[in-house]
Amino acid sequence: MTTESKWWQHGIVYQIYPRSYQDTNGDGVGDLFGIIQRLDYLKSLNIDAIWISPIFPSPMHDFGYDVADYTDIHPMFGTLADFDKLLAEAHQRDLKILLDLVPNHTSDEHAWFVESRSSRDNPKRDWYIWRDPKPDGSPPNNWLSFFGGPAWTLDQTTGQYYLHQFVTQQPELNYRHPEVLPAMLDCMRFWLDRGVDGFRVDVIWLMIKDEQLRDEPPNQSGTSVQMGEYGKLNHIYTKDLPEVHGLIKQMRTLVDEYDDRVMIGEIYEPFEVLVQYYGKQADECHLPFNFHLIISEWDAVAVRQRVEEYEAHLPEGAWPNWVLGNHDQHRVATRTGYEQARMANMLLLTLRGTPTCYYGDELGMEDGYIPPEFIQDPPALNQPELADVIGRDPERTPMQWDDTTNAGFTVEGVTSWLPVTENYKTRNVALQLSDSNSMLSYFQQLTTLRRAEPALNRGDYATVKIVGDDLFAYRRDHAERDSFLIVLNFGASKHQLDLSHVGQHVQIALSTDLQRTGEVDLATLTLHGNEGLVLRLG
Ligand code: GLC
């Protein structure tokens with residue numbers, strides 16, 4: 001795309017996990033004032049939009065993804081007035097705010113569910129998915145929770161089971177009931193009217209389930225340990241049902257009634273399924289989240305294949321996007337190794353499509369060690385033997401601002417809700433801002449370059465053929481502006497290559513090694529271990 005583009009196309013999205021960003025009231029949990037305090041820092045990262053994980057009233061069984069009221073703010077985070085202030089201050093700095101909408105399920109403390117569970121004939125009974133037990137008293141079918149165990153819980157008062165694919169306190173809404181979607185659209189309208197710039201929509205691909213509640217067949221294709229017990233079934237009746245697209249269209253229609261807003265959908269699926277969420281008429285998600293850099297094997301060949309496959313699958317007019325980390329996945333610096341975290345960010349920020357960065361990845365924050373007695377995350381508590389693999393606490397540790405106690409996340413003497421990662425004394429914002437070679441300085445240069453260069457933030461993509469299994473190279477081209485060649489080394493050893501078919505003497509626009517500047521000869525290009533280069537082709 002070389003014409004005008006929207007902010008959510010050329011811009012960068014940055015995810016904040018609000019419990020862990022900045023605590024200002026000394027309760028050990030982050031808050032909205034904390035984010036307000038850090039807006040200048042956020043601006044200095046050259047990001048365009050902040051997506052904040054849920055900040056609504058919630059009993060916090062799934063740390064906010066169990067919403068008890070969609071149209072208010074949890075007192076732990078602040079008030080609606082604080083939110084309005086955050087929005088105004090962000091907008092003043094030309095930063096957008098995206099909220100996390102969780103429409104698939106509510107908290108069991110949500111007024112809708114309290115009514116629904118009160119009696120079998122309550123008018124809201126069928127807003128949720130209730131079924132009688134089997135004759136032997138067991139759950140209505142074999143569906144499983146993502147977090148381990150059955151997806152059904154028996155409600156003693158009314159003698160029926162309700163469906164929940166996450167914790168028991170997250171009952172699933174029934175979008176086959178005609179009143180449910182309009183109620184959710186009202187909640188969206190509440191925030192859109194207040195001025196939010198869009199939503200990241202939680203588990204959008206799960207919103208409709210099989211009407212007959214048929215048993216799911218066993219998973220024949222093998223499963224990853226990351227999926228835990230849930231991976232044992234093939235989820236043909238709980239995800240990607242055709243009717244979900246009708247729902248998403250209606251959500252999108254609402255979002256489009258407002259100027260310049262965006263809807264991003266959370267979908268973990270292969271490309272052929274993922275791209276269906278753009279909608280046949282480009283009338284569903286603006287951006288169906290693409291998690292393939294997270295789920296791919298981390299090597300040059302596998303990553304190149306994913307990039308090419310994605311590019312090939314994108315329907316006409318669909319804008320790509322890439323995600324490198326989030327609150328559900330081990331941190332990128334842990335997955336790739338710290339030595340490759342710069343190169344990984346270069347990949348994210350130079351591929352074609354909207355990048356989403358996870359807080360702290362600009363510093364190379366790594367997974368924290370969570371001693372067993374501090375584990376908070378429900379899947380890890382439910383399946384302790386898999387805690388190291390499926391637990392999500394390690395990637396949610398407090399932001400490392402400085403080397404004072406609690407890393408500047410909260411005040412001294414307060415215990416933060418998750419332990420601060422041990423390396424905070426040497427890996428923190430303050431230290432890295434004072435070091436012109438730090439990962440943070442590098443990240444700022446990378447985002448500055450991306451922002452300044454249309455070829456990088458909206459240009460075309462083409463793979464460049466290259467010899468060597470550790471290497472991945474591609475071009476980004478713009479009809480009227482400079483083109484770039486990106487060469488990435490996924491290995492630890494040095495390579496010398498001949499890329500004279502691409503050009504001759506070219507300028508280094510940026511290396512992962514900030515001290516490497518100047519001109520290179522593409523006929524004898526040297527790439528150090530773990531190095532990435534952005535070269536200006538002119
Ligand atoms: C999404 C969220 C995750 C949450 C789950 C249930 O996958 O990203 O954190 O636990 O949905 O809401």
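When a ligand or atom number is given, it counts from 1 through the structure's own listing order.
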Enquirer: At a 4.0 Å threshold, what atoms of ligand 1 neighbour a non-hydrogen atom of His327?
Expert: 2 (C), 3 (C), 8 (O), 9 (O)
Enquirer: Report yes or no: do Ser53 and Arg200 form a side-chain donor-acceptor pair below 3.5 Å?
Expert: no
Enquirer: Among protein heavy atoms, which lies nearest atom 8 (O) of ligand 1, and at what distance?
Expert: Asp328 OD2, 2.5 Å
Enquirer: Can you tell me how far CZ of Phe199 sits from CD1 of Ile204, rounded to the nearest 0.5 angstrom?
Expert: 11.5 Å
Enquirer: Run the salt-bridge test on Asp48 and Lys6 with the 4.0 Å N-O cut-off and return the result as yes or no.
Expert: no
Enquirer: Assess Arg200 for proximity to ligand 1: is some non-hydrogen atom of it under 4.0 Å away?
Expert: yes
Enquirer: How many angstroms lie between atom CZ of Arg392 and atom CG of Asp62, to the nearest 0.5 angstrom?
Expert: 5.0 Å
Enquirer: Between Asp23 and Thr410, does any side-chain donor sit less than 3.5 Å from a side-chain acceptor?
Expert: yes
Enquirer: If you have a sec, work out which protein heavy atom is nearest atom 2 (C) of ligand 1 and how many Å separate them, to one decimal?
Expert: Asp202 OD1, 3.0 Å
Enquirer: Give the numbers and elements of all ligand 1 atoms closer than 4.0 Å to a heavy atom of Arg392.
Expert: 3 (C), 4 (C), 9 (O), 10 (O)
Enquirer: Who's the nearest protein heavy-atom neighbour of atom 4 (C) of ligand 1, and how far?
Expert: Asp62 OD2, 3.3 Å
Enquirer: Which atoms of ligand 1 are found less than 4.0 Å from any heavy atom of Val203?
Expert: 1 (C), 7 (O), 11 (O)
Enquirer: Going by atom types alone, do Trp417 and Ser20 pair a side-chain donor with an acceptor below 3.5 Å?
Expert: yes
Enquirer: Take every heavy atom of Arg396, measure it against each atom of ligand 1, and state whether any distance is under 4.0 Å.
Expert: yes
Enquirer: With sequence neighbours excluded, what pairs up with Asn46 under the side-chain hydrogen bond (donor to acceptor under 3.5 Å, both in side chains) test?
Expert: Thr447, Thr448
Enquirer: Quick one: look up the protein heavy atom nearest atom 7 (O) of ligand 1 and list residue, atom name and how far away it is.
Expert: Glu266 OE2, 2.9 Å
Enquirer: Side-chain donor-acceptor pair under 3.5 Å between Asp108 and His164, yes or no?
Expert: no
Enquirer: Is it true that Asp27 and Arg19 make a salt bridge, defined as a side-chain N closer than 4.0 Å to a carboxylate O?
Expert: no
Enquirer: Consider ligand 1: state whether an atom of it lies below 4.0 angstrom from any non-hydrogen atom of Phe147.
Expert: yes
Enquirer: Under 4.0 Å, heavy-atom basis, I'd like to know which part of Gln165 is in contact with ligand 1: side chain, backbone, both or neither.
Expert: neither
Enquirer: Should the proximity of Tyr268 to ligand 1, defined as any heavy atom under 4.0 Å, be assigned to the side chain, the backbone, both, or neither?
Expert: neither
Enquirer: Pull out every atom of ligand 1 sitting under 4.0 Å from any heavy atom of His105, numbered as shown with elements.
Expert: 6 (C), 12 (O)
